[in-house]
Amino acid sequence: MKKGLIFDIKRFAVHDGPGIRTTVFLKGCSLRCFWCQNPEGLRLKQEIMFYPERCIGCGRCVAVCPQNAHLLQGGIHIYLRDRCIECGKCAEVCYAGALQVAGKWMTVDEVMKEISLDRVFYEVSNGGVTLSGGDPVVQHEFSYELLRRCKSEGLHTAIETAANCRWEVLAKLLSVTDLVMMDIKHLDPAKHREVTGSSNELILKNAERLADKGKPLIIRVPVIPGVNDTADQIEAIARFVKSFSNLQYLELLPFHRLGESKYRALGMKYKAANLKTPPKTKMKELAEKAKRHVPVRIG
Ligand code: SF4
Ligand code: SF4
């Protein structure tokens, strides 16, 4: 059976759709938003995350690495990422948690086994299962099978997506999805490309198609300083979605620096290091503007 590359399964999630949910995070995303809080979800491959502050200098990783990618010199641990072939052997023997593998190949049955642990909580709270990432459209065949199994077991299903994919992919997922939570970051294609690495033309077209389908839709806007944190930008997005008859509400999500340590662990540059979380007063002000057109929540 086909496997999916999963980097986290979060139980008792209360911000990823209605009720108490289990959120399955799939690796792979077509965008490269510079503020992304889940950098370990971007690439569709297993990756080594190294947290040097947790290293106790036991030397196990040095002994097992076939590439000599770990050096312990004068009490300092040097990890030579360019030598690493990501076999994961060092993480298996690192009991201190300094070395970890982001991403685990799992079958639908294996994921369902974890999901079923919380079935009673879904039932009492009208919760369910959410696929997130990364973006579940990247591993769409696996996502479809997982959602289909959830539906066949009577579970409510949701996806969190940027919808930057062929419509056929989204339409197929929609057939086994009860709620779509879709990101819109900016309406201007050039600005969108500048901050995410990709134009938004397909995304906006897919948003309109989703509106036509009538399935419950939540539009989420990450509010990023210097990108879209102006009343004009937020109001423009609210205007764009206000005719969507299936829109539940627009959710404004303030930028947070939660992913910063993960960038270091992956050897990636964190380009949002100078940004600050928008203050509550600012978020309220933006929400007031958007409320002229659509129902709004602040996440
Ligand atoms: S196995 Fe872990 S704790 Fe031991 S030296 Fe390697 S990174 Fe450090
Ligand atoms: S993942 Fe494999 S190749 Fe890479 S550092 Fe660890 S043991 Fe060496």
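Being a predicted model, the structure only gives us computed values, none of them experimental. When a ligand or atom number is given, it counts from 1 through the structure's own listing order.
- For the pair Lys271 and Phe34, the cation-pi test (distance below 6.0 Å, angle within 45°) is failed.
- Interface atoms of ligand 1 facing Ala98, defined by a heavy-atom separation under 4.0 Å, are 7 (S).
- Residue, atom and distance of the protein heavy atom nearest to atom 5 (S) of ligand 1 are Gly59 N, 3.3 Å.
- At a threshold of 4.0 Å, the pair Glu92-Lys89 does not count as salt-bridged, since none of the basic side-chain nitrogens sits closer than that to a carboxylate oxygen.
- Counting atoms of ligand 1 from 1 in the listed order, those under 4.0 Å from a heavy atom of Cys94 are 1 (S), 2 (Fe), 3 (S), 7 (S).
- Within ligand 2, the atoms closer than 4.0 Å to a non-hydrogen atom of Ile48 are 1 (S), numbered from 1 in the order shown.
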inquiry  = Using side-chain hydrogen bond (donor to acceptor under 3.5 Å, both in side chains), reason through Lys191 and Asn228 one step at a time and then give a plain yes or no.
reply    = CA-CA 10 Å; Lys191 184 68 179 177; Asn228 60 4; over 6 Å; no

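- Of the charged side-chain nitrogens involved, none lies within less than 4.0 Å of a carboxylate oxygen, so that Asp232 and Lys289 do not count as a salt-bridged pair.
- For ligand 2, the atoms lying closer than 4.0 Å to a non-hydrogen atom of His70 are 5 (S), 6 (Fe).
- With hydrogens left out, the protein atom closest to atom 8 (Fe) of ligand 2 is Cys65 SG, 2.3 Å, a heavy atom.
- Electrostatic pairing of Arg220 and Glu251 counts as a salt bridge here, judged by a charged N lying under 4.0 Å from a carboxylate O.
- Heavy-atom proximity to Cys87, at under 4.0 Å, picks out these atoms of ligand 2: 1 (S), 2 (Fe), 3 (S), 7 (S).
- Summarising the contacts of atom 7 (S) of ligand 2 with Gly88, Ala69, Cys90, the nearest heavy atom is found in Cys90.
- Within a 6.0 Å sphere centred on CG of Asn274, heavy atoms belonging to other residues, nucleotides or ligands number 12 at most.
- For atom 4 (Fe) of ligand 2, the closest non-hydrogen atom of the protein is Cys84 SG, 2.3 Å.
- Of all the heavy atoms of Cys58, the ones lying under 4.0 Å from any atom of ligand 1 are found in both the backbone and the side chain.
- Listed by atom number, the atoms of ligand 1 under 4.0 Å from Leu99 heavy atoms are 7 (S).
- Counted by atom type alone, His15 and Arg21 present zero donor-acceptor pairs between their side chains at under 3.5 Å.
- Below 4.0 Å from some heavy atom of Tyr79 lie the following atoms of ligand 2, by number and element: 5 (S).
- Not one N, O or S atom of His77 sits under 2.8 Å from atom 8 (Fe) of ligand 1.
- The pair Arg239-Glu235 meets the salt-bridge criterion, since a charged nitrogen lies less than 4.0 angstrom from a carboxylate oxygen.
- Of all the atoms in ligand 1, the ones that sit under 4.0 Å from a non-hydrogen atom of Ala96 are 3 (S).
- A cation-pi arrangement, defined by a distance under 6.0 Å to the six-membered ring centre and an angle within 45 degrees of its axis, is absent between Arg119 and Tyr122.
- Contacts between Cys61 and ligand 1, counted as non-hydrogen atom pairs separated by less than 4.0 Å, involve both the backbone and the side chain.
- For the pair Glu145 and Lys2, the salt-bridge criterion is not met [side-chain N within less than 4.0 Å of a carboxylate O].
- Both the backbone and the side chain of Ile56 come within 4.0 Å of ligand 1, counting heavy atoms alone.
- Which parts of ligand 2 touch Ile85 is read off a 4.0 Å heavy-atom cut-off, strictly below it: atoms 3 (S), 4 (Fe).
- Remark: ligand 2 atoms within the under-4.0 Å shell around heavy atoms of Gln67 are 3 (S).
- Ion pair Asp118/Arg11 flagged as a salt bridge, since at least one NZ, NE, NH1 or NH2 atom sits closer than 4.0 Å to an Asp/Glu carboxylate oxygen.
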